[in-house]
Amino acid sequence: MTVQATDFQQNDFKVTQRASGISGSVKEYLDDQVENILAHRSVNHSFLNWYATNKLTKMQEKQLYLETNAYFKYLPFYVANISTITRDEAVLREVLHNSVDELGTQKSHSDIFAQFLAMLGISQDDIETYKPCQSSIDLNEGIREIYNTPPLERALGALFADETQSAAMCARYNEGLKTRVTMQEHVTFGSSTLKLRSATAMLSTTFSAPT
């Protein structure tokens with residue numbers, strides 16, 4: 001399963017759809033950005049392509065998913081901080097909607113992911129004691145800085161790219177999981193993951209087309 005640009009324009013893949021009523025020029029601009037993101041080397045990384053058809057060792061799998069957990073665990077907090085660099089209520093509404101979606105009403109996406117990790121034999125103690133690679137730490141610090149620092153357009157653009165990229169990345173993860181888990185486990189993870197990283201084209205209401 002791979003994510004295509006058309007998946008952000010129709011609901012078959014369960015990604016969040018754009019708000020209706022945007023202008024043709026804005027739609028064209030955002031469609032172009034989605035195409036660019038999905039063609040980026042981070043989405044088409046050699047490891048993701050390899051993992052789609054090859055099985056990891058138990059230790060490799062553990063490291064992969066603990067690093068993934070470290071990557072997105074605190075993202076809702078970073079995203080919420082975008083609200084501190086804007087005075088536009090439309091932007092505030094969409095940013096908070098994104099954070100609330102991440103946190104859920106009873107279980108956060110982090111809680112759901114922890115349940116998935118348990119299915120792989122990764123315990124809560126493993127999660128709490130794991131020390132991420134320095135590259136993951138640097139990535140999180142970079143994301144935090146972008147989301148907390150003007151200009152606003154850069155923060156929103158980064159969020160748009162992050163959500164789009166993550167949907168594609170998780171689809172590749174699903175392919176890799178097919179090599180080691182039962183179909184029932186795979187379906188459970190697939191459903192959770194699409195909720196975890198459903199691409200937020202909702203931010204289209206806050207973007208202006210380039211002049």
Side-chain angles (χ1 to χ4, degrees), residues 3 8 13-19 33-34 37 42-43 64-119 122 124 126-133 135-174 188-207:
V3 176
F8 297 87
F13 198 69
K14 300 181 182 178
V15 297
T16 302
Q17 301 299 288
R18 289 186 190 141
Q33 297 310 306
V34 169
I37 293 166
S42 63
V43 175
L64 170 63
Y65 286 102
L66 285 174
E67 288 291 330
T68 302
N69 181 66
Y71 161 64
F72 74 77
K73 184 175 182 179
Y74 298 114
L75 275 177
F77 300 94
Y78 303 157
V79 171
N81 278 337
I82 296 177
S83 64
T84 67
I85 62 173
T86 183
R87 293 298 180 266
D88 186 319
E89 289 187 356
V91 174
L92 176 62
R93 184 177 298 108
E94 298 300 339
V95 166
L96 294 182
H97 176 83
N98 181 281
S99 292
V100 169
D101 178 66
E102 293 277 353
L103 293 174
T105 55
Q106 296 182 351
K107 290 184 179 181
S108 68
H109 289 172
S110 182
D111 292 332
I112 296 171
F113 195 71
Q115 291 177 335
F116 163 71
L117 293 181
M119 290 166 53
I122 301 172
Q124 188 62 38
D126 291 329
I127 296 172
E128 292 175 356
T129 59
Y130 182 73
K131 302 298 183 185
C133 295
S135 57
S136 294
I137 295 172
D138 292 342
L139 173 64
N140 272 282
E141 283 300 303
I143 292 173
R144 185 182 63 82
E145 189 274 333
I146 289 174
Y147 288 172
N148 283 266
T149 309
L152 174 64
E153 292 80 5
R154 182 182 70 153
L156 292 178
L159 179 57
F160 184 86
D162 182 32
E163 295 284 0
T164 304
Q165 168 184 283
S166 296
M169 180 185 74
C170 285
R172 298 293 181 86
Y173 276 22
N174 277 339
T188 301
F189 175 73
S191 176
S192 298
T193 305
L194 291 178
K195 293 178 183 178
L196 277 172
R197 309 309 309 165
S198 62
T200 53
M202 64 183 184
L203 284 173
S204 63
T205 57
T206 69
F207 278 83

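- For Val43 against Arg172, the heavy-atom pair with the smallest separation is O-NH1, 3.5 Å.
- Ring-plane geometry between Phe113 and Phe72 is classed as perpendicular, the angle between the planes exceeding 60 degrees on a 0 to 90 degree scale with a lower cut at 30.
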Q | Test side chain to side chain contact (heavy atoms under 4.5 Å, CB included) applied to Asp111 and Gln106, step by step | A | CA-CA 9 Å; Asp111 292 332; Gln106 296 182 351; over 6 Å; no

Q) After noting the C-alpha distance and the side-chain angles of Tyr173 and Thr68, does the key distance pass the side chain to side chain contact (heavy atoms under 4.5 Å, CB included) rule? A) CA-CA 10 Å; Tyr173 276 22; Thr68 302; 2.9 Å; yes

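- Smallest separation of non-hydrogen atoms from Ile37 and Thr164: CG2-CG2, 3.9 Å.
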Q: I would like to know whether Asp138 and Ser135 meet side-chain hydrogen bond (donor to acceptor under 3.5 Å, both in side chains); could you show each step before the answer?
A: CA-CA 5 Å; Asp138 292 342; Ser135 57; over 6 Å; no

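- Annotation for Leu92 and Ser83: closest pair CD1-CB, 3.2 Å, computed over non-hydrogen atoms.
- A donor atom on one side chain and an acceptor atom on the other are found under 3.5 Å apart for Asp162 and Tyr71.
- Remark: Asp126 CG to Tyr130 OH distance equals 10.5 Å, nearest 0.5 Å.
- The shortest non-hydrogen separation linking Tyr65 to Leu117 is CB-CD2, 3.5 Å.
- No side-chain heavy atom of Tyr74 sits less than 4.5 Å from a side-chain heavy atom of Ile143.
- Dense packing is recorded around CD of Glu141, with more than 12 heavy atoms of other residues, nucleotides or ligands lying under 6.0 Å away.
- Annotation: the span from Ile146 atom CD1 to Asn81 atom CG amounts to 13.5 Å, rounded to 0.5 Å.
- Annotation: side chain of Ile127 is in contact with side chain of Leu66 (closest heavy-atom distance under 4.5 Å).
- Summarising the geometry, atom OG belonging to Ser110 is positioned 5.5 Å from atom CG belonging to Asn69; distances are rounded to the nearest 0.5 Å.
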Q. So Val34 and Phe160, side chain to side chain contact (heavy atoms under 4.5 Å, CB included) or not? Walk me through it.
A. CA-CA 9 Å; Val34 169; Phe160 184 86; 3.8 Å; yes

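- Rounded to the nearest 0.5 angstrom, Asn98 CG and Arg93 CZ are separated by 14.5 Å.
- In plain terms, the two heavy atoms of His109 and Asp101 that are nearest each other are NE2-O, 3.2 Å.
- Interatomic distance, CE of Met169 versus OG of Ser166, reported as 5.0 Å (0.5 Å rounding).
- Annotation: side chain of Val79 is in contact with side chain of Val95 (closest heavy-atom distance under 4.5 Å).
- The side-chain heavy atoms of Glu94 and Leu156, taken from C-beta on, include no pair separated by under 4.5 Å.
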Q. Yes or no on side chain to side chain contact (heavy atoms under 4.5 Å, CB included) for Arg144 and Asn140, after CA distance, side-chain angles and deciding distance?
A. CA-CA 6 Å; Arg144 185 182 63 82; Asn140 272 282; over 6 Å; no

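- Summarising the geometry, atom CG belonging to Leu159 is positioned 9.0 Å from atom CG belonging to Leu75; distances are rounded to the nearest 0.5 Å.
- Residues Ile137 and Pro132 approach most closely at CD1-O, 3.9 Å, considering heavy atoms.
- Checking side-chain atoms of Glu67 against main-chain N and O of Ser136 turns up no donor-acceptor pair under 3.5 Å.
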